[in-house]
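Working notes, structure below.
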Amino acid sequence: MSSTPPPSEKQKSSEQAWAKPSDRLNVEANMPAGSMNLNVQGRQLNNPLQGFGQMWQKTYRIKLIAPRVPATGKAATPQDIIAGWKANFPKFWPRGNNFYAPLTEIQPGEVAVLNLKGPGGMPLSTGVRVIYVDDEQFSFMTPQGHMFAGMITFSSEQEAGEVYAQVQALIRASDPAYEAFFKLGIIGKMEDEFWTATLNNLASYYGASGQVELKTQCVDPRWNWGAAKNIWHNAAMWSGIYTVTTPLRWIGKKVSGKK
Amino acid sequence: MAAPLEATVRQQPNAAVIDLKGDIDGAAEDALQKAYGDALANKPRAVLLNFANVGYINSKGIALIVMLLAQARKSGTRLLTTGLSPHYVEIFNITRLSDFMKFYPDEQSALANSG
């Protein structure tokens with residue numbers, strides 16, 4: 001008769017760090033008035049192999065010069081950086097972009113709704129699921145309809161006595177429409193500005209200065225034609241339809257006597 | 001404490017086997033890429049990743065496996081796995097890598113299906 005060995009400490013910590021499997025996303029965040037909760041509930045996650053466009057690894061990295069923990073003033077370690085990043089994640093985003101999560105701190109399994117400034121300034125509602133969290137990094141995966149199919153990891157590490165913070169995305173445009181915007185340089189530029197601003201805001205929070213460096217690597221130059229049908233889930237398209245039909249919904253509510 | 005990844009390649013008739021030992025995290029990139037490059041030396045139809053002695057996989061490690069899968073798909077090589085504990089299978093399900101990789105309970109059954 002065989003017996004299962006007890007889980008090791010490593011396995012226990014791995015089980016705590018990883019989210020539990022879930023076929024479809026379930027939104028539990030309380031959405032404030034005026035926000036859009038679209039394109040997340042019931043969607044599946046897509047890894048980079050499930051997107052359409054060329055696959056890229058983009059690494060945004062900043063050397064934090066003299067980072068300090070705001071509450072104590074002590075020199076900040078990578079663990080301090082990640083603790084602060086997890087606790088204040090939405091605050092570091094560029095203005096006009098919102099991250100709505102059910103808990104105050106990033107936790108494995110959480111589903112967040114994102115209201116972003118999309119191409120042309122059009123509001124875009126999509127989401128992410130937190131798939132992994134430990135003391136030195138945390139990662140999100142994107143759902144169907146997001147601009148990118150992929151994973152994004154936020155980390156901090158010490159190298160030669162210096163503390164670095166990093167955002168690393170392994171992504172490809174989800175569908176042909178997003179790939180067209182990517183090829184036109186629109187989405188890629190938005191992405192670069194977004195994460196550069198985020199890292200600068202993180203540095204400011206820790207009273208540090210630094211310069212964001214970007215490294216880009218093309219992992220697969222081919223288009224994945226099998227994923228062209230992803231366009232049906234395109235969050236920009238559905239958010240746009242929702243936005244332009246807002247007056248019709250308002251009139252409909254008035255006519256039916258609802259508040 | 002992280003255990004650096006050691007990756008050893010064994011050539012079999014239809015497949016190359018990569019035995020992985022240690023942790024698969026961001027620091028594993030060079031070892032994993034080198035082993036994968038060595039595994040392709042004889043142009044095998046399939047590469048079998050043996051996870052039996054892997055201690056920990058974090059999200060950067062999963063990203064490295066995604067990159068291997070992308071390379072394998074580009075070259076038309078099948079990527080197979082064995083030695084995955086139920087927890088690792090769960091991780092592969094969370095990240096939907098299970099849509100692209102077959103899991104086998106042992107090396108023999110993986111190699112029997114590698115043609």
>> Among residues at least two apart in sequence or on other chains, which ones pass ring pair (Phe, Tyr, Trp, His ring centres under 6.0 Å) with B:F92?
In response: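 So B:F92 forms a ring pair (Phe, Tyr, Trp, His ring centres under 6.0 Å) with B:F51, B:F103.
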Pairs table: donor-acceptor atoms between chain A and chain B closer than 3.5 Å:
from	atom 1	to	atom 2	distance (Å)
A:K10	NZ	B:D23	OD1	3.0
A:K10	NZ	B:D23	OD2	3.0
A:S14	OG	B:H87	NE2	2.6
A:W18	NE1	B:I57	O	3.0
A:L45	O	B:R96	NH1	2.5
A:N46	OD1	B:R96	NH1	3.3
A:N47	ND2	B:T95	O	3.0
A:N47	ND2	B:R96	O	3.1
A:Q50	NE2	B:D99	OD2	2.9
A:Y132	OH	B:Y56	OH	2.8
A:Q137	OE1	B:S59	OG	2.8
A:S139	OG	B:S59	OG	2.5
A:S155	OG	B:K60	NZ	3.1
A:V219	O	B:K74	NZ	3.1

>> So which residue, B:L69, B:I91, B:V66, B:I62, ends up with the most heavy-atom pairs under 4.5 Å with chain A?
In response: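 Highest number of heavy-atom pairs under 4.5 Å: B:I91.
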>> For the interface with chain A, which of B:I57, B:I94, B:L97 has the highest count of heavy-atom pairs at distances below 4.5 Å?
In response: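 Max contact count across the listed options: B:I94.
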> Between B:A70 and A:M55, what is the shortest heavy-atom contact and its length?
Replying inline: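 So the two residues come closest at CB-CE, 3.7 Å.
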>> Distance check, rounded to the nearest 0.5 Å: A:L49 atom CG versus B:M101 atom CE?
In response: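 Answer rounded to 0.5 Å: 9.5 Å.
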> Of all residues at least two apart in sequence or in a different chain, which pass the side chain to side chain contact (heavy atoms under 4.5 Å, CB included) check with A:A235?
Replying inline: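 Once residues adjacent in sequence are excluded, the partners of A:A235 under the side chain to side chain contact (heavy atoms under 4.5 Å, CB included) criterion are A:N39, A:L124, A:T126, A:Y178.
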> What residues, two or more places apart in sequence or in another chain, satisfy salt bridge (Lys or Arg N to Asp or Glu O under 4.0 Å) together with A:E162?
Replying inline: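 Result, salt bridge (Lys or Arg N to Asp or Glu O under 4.0 Å) vs A:E162: none returned.
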> Where on A:L170 is there a heavy atom nearer than 4.5 Å to chain B: the side chain, the backbone, both, or neither?
Replying inline: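 A:L170 touches chain B through side-chain heavy atoms alone.
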>> Tell me whether A:Y100 at atom OH has more than 12 heavy atoms from other residues, nucleotides or ligands lying less than 6.0 Å away.
In response: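 Buried by this count: over 12 neighbours within 6.0 Å.
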